[in-house]
S.K.: 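I have a structure I would like to understand better, so I am pasting it below and will then ask my questions one at a time.
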Amino acid sequence: GWVYMPFRMVDLMTGILGEIATDIDIEIHDGEEISDATMMYDPDVSGAGGTPDAFFVDITRMELGEHIWSVVIASLAGFESRLDARSPKLVIFVGIPLSLLLSLLAWLVVRDRTRAIQTAEAINRELAERMRAEARLQYMAHHDALTDLPNRTLFSDRLKQGLAQAKRDKGILALLFLDLDHFKPINDTYGHAVGDLLLKEMAVRMRKCVREADTVSRIGGDEFLVLLPTIDSSQDAVRVAEKMLGALSQAFVLDGRDLHISGSIGIAIYPEHGGNEILLTHHADTAMYYAKSAGRNRAKMYKPDMRDTA
């Protein structure tokens, strides 16, 4: 009976994922050792330990009915390309083990109902923990560790979505590029710990200046990008920029000190100043440098006659 389960598991995953299942190598081993001698099932007969060109490999130990099985799950590059970039590992680490566990559990119910119930509870806890861990990893991969703001990767994704929506709706979108003025002297004078506190508090203030649908992102150092995906006119972006400058002008009380800082902001508008992510970001960056050269602590709207500062 249970020797047949690996085949049923592959059938199940094939039914769920269709052709994607052909891009997954699943091995089942009897016991904890991973070797050709312990291998019970390997659909592509690639040898113990996963396919050599696997995109990533995960080994899961499962203990049911006082017996241990080891499941090696290898994902080929084709699997990653077929799914959204955020989801394949979750499917691999949760979906496939769950399929096998349910099959093993069904076999165990026949032999020992009480033990099967206890095992099902253990499975539930393990899967919940796996999902929490994977969700946390996904969050960390898309957010700045210091400020908890979306990072460049997540911001880029949201900007692409915003541009696609604005194009469909014939709407207006704004991109703001903010760079702090004279941030390095604060780090040099008070230390990086105080500088980090300033960046964290600044992130809080900037979030309060925008709507829920807007995105504030830290893209590195003392540089920030702000996405306003739906505005009525370019003046809406100017008002948000002025609101942020006002929020920054208030003293930051950090480590018993009153610190003051300002920022320079460049603004680019879709579709007036560019129709894609690269152009809009470049033009907002150019306008930001013009704001700095004009005396800092101000916002500048991009104009076509602004020369490249690179």
S.K.: Just verifying a value: how many Å separate Ser217 OG and Arg152 CZ, rounded to the nearest 0.5 Å?
M.R.: 8.0 Å
S.K.: Please tell me if the side chains of Val226 and Met206 come closer than 4.5 Å, counting only heavy atoms from C-beta onward.
M.R.: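 Touching, per the 4.5 Å side-chain cut-off.
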S.K.: Would you check if the side chain of Thr286 reaches a backbone N or O of His282 as a donor-acceptor pair within less than 3.5 Å?
M.R.: yes
S.K.: Under the rule for side-chain contact (heavy atoms from CB on, under 4.5 Å), what residues qualify as partners of Asp222, not counting sequence neighbours?
M.R.: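 Asp179, Leu180, Phe183.
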S.K.: Are Ile219 and Val204 linked, directly or through other ILVMFWY residues, by side chains that come within less than 4.5 angstrom of each other?
M.R.: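 No; Val204 is not reachable from Ile219 via cluster members.
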S.K.: Between Asp188 and Lys184, does any side-chain N to carboxylate O distance fall below 4.0 Å?
M.R.: yes
S.K.: Restricting to side-chain contact (heavy atoms from CB on, under 4.5 Å), what partner residues turn up for Ala247, sequence neighbours left out?
M.R.: Arg205, Cys209
S.K.: Output all residues satisfying side-chain hydrogen bond (donor to acceptor under 3.5 Å, both in side chains) with Asn297, sequence neighbours left out; order by chain, then residue number.
M.R.: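 Testing Asn297 for side-chain hydrogen bond (donor to acceptor under 3.5 Å, both in side chains), a comparison that skips the adjacent residues, returns none.
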S.K.: How long is the gap from CE on Met202 to OG1 on Thr147, to the nearest 0.5 Å?
M.R.: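 Here the rounded value is 9.0 Å.
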S.K.: For Arg239, what residues pass the side-chain contact (heavy atoms from CB on, under 4.5 Å) criterion, not counting sequence neighbours?
M.R.: Gln235, Asp236
S.K.: Which distance, rounded to the nearest 0.5 Å, do you find between the NE2 of His192 and the CG of Leu197?
M.R.: 13.0 Å
S.K.: Hey, is the main chain of Ile278 close enough, under 3.5 Å, to the side chain of Thr281 for a donor-acceptor pair?
M.R.: no
S.K.: Using the test side-chain hydrogen bond (donor to acceptor under 3.5 Å, both in side chains), find all partners of Asp148 that sit at least two apart in sequence or belong to another chain.
M.R.: Tyr139
S.K.: To the nearest 0.5 Å, what is the distance between CG on Asp285 and CE on Met306?
M.R.: 11.5 Å
S.K.: Tell me, please, which residues at least two apart from Tyr302 pass ring-ring contact (aromatic ring centres under 6.0 Å, His included).
M.R.: His273, His283
S.K.: Would you say NZ of Lys292 has more than 12 non-hydrogen atoms from neighbouring residues, nucleotides or ligands within 6.0 angstrom?
M.R.: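 Yes, enclosed.
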S.K.: Who passes side-chain hydrogen bond (donor to acceptor under 3.5 Å, both in side chains) against Ser262, sequence neighbours left out?
M.R.: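 Asp181.
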S.K.: Can a donor-acceptor pair be found between the side chains of His29 and Thr38 at a distance below 3.5 Å?
M.R.: yes
S.K.: Please name all residues satisfying side-chain contact (heavy atoms from CB on, under 4.5 Å) with Asn151, sequence neighbours left out, ordered by chain then number.
M.R.: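 Applying side-chain contact (heavy atoms from CB on, under 4.5 Å) to Asn151 gives His142, Thr153, Leu154.
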S.K.: What distance separates Leu227 CG from Tyr270 OH, expressed to the nearest 0.5 Å?
M.R.: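 Reported value, rounded in 0.5 Å steps: 13.0 Å.
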S.K.: Ignoring hydrogens and geometry beyond distance, is a side-chain donor-acceptor pair present between Thr215 and Arg158 at under 3.5 Å?
M.R.: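 Yes, because at least one side-chain N or O of Thr215 sits under 3.5 Å from a partner of the opposite role on Arg158.
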S.K.: Can you list every pair that meets salt bridge (Lys or Arg N to Asp or Glu O under 4.0 Å) and has a residue in residues 253-280, with sequence neighbours left out?
M.R.: Lys160-Glu277, Asp255-Arg257
S.K.: I'd like to check Leu175 versus Leu225 (side-chain heavy atoms, cut-off strictly below 4.5 Å). Are they in contact?
M.R.: yes
S.K.: Applying side-chain hydrogen bond (donor to acceptor under 3.5 Å, both in side chains), name anything that partners Arg168, two or more places apart in sequence or on another chain.
M.R.: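 Here the qualifying residues are Gln165.
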S.K.: Ignoring hydrogens and angles, tell me if any N or O in the side chain of Asp169 forms a donor-acceptor pair with the backbone of Gly171 under 3.5 Å.
M.R.: no
S.K.: Look at the side-chain heavy atoms of Ile, Leu, Val, Met, Phe, Trp and Tyr, link any pair under 4.5 Å apart, and say whether Ile265 and Ile269 land in one connected group.
M.R.: yes
S.K.: Nearest 0.5 Å, please: how far is NE2 in His260 from NE2 in His182?
M.R.: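 Here the interatomic distance stands at 14.5 Å.
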S.K.: Looking at residues at least two apart in the chain, or sitting in another chain, which of them share a salt bridge (charged side-chain N to carboxylate O under 4.0 Å, His left out) with Lys303?
M.R.: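 Lys303: no salt bridge (charged side-chain N to carboxylate O under 4.0 Å, His left out) contacts found.
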S.K.: Decide side chain to side chain contact (heavy atoms under 4.5 Å, CB included) for Leu149 and His143; before the verdict, give the C-alpha distance in whole Å, the side-chain angles of both, and the deciding distance to 0.1 Å.
M.R.: CA-CA 5 Å; Leu149 293 175; His143 290 80; over 6 Å; no
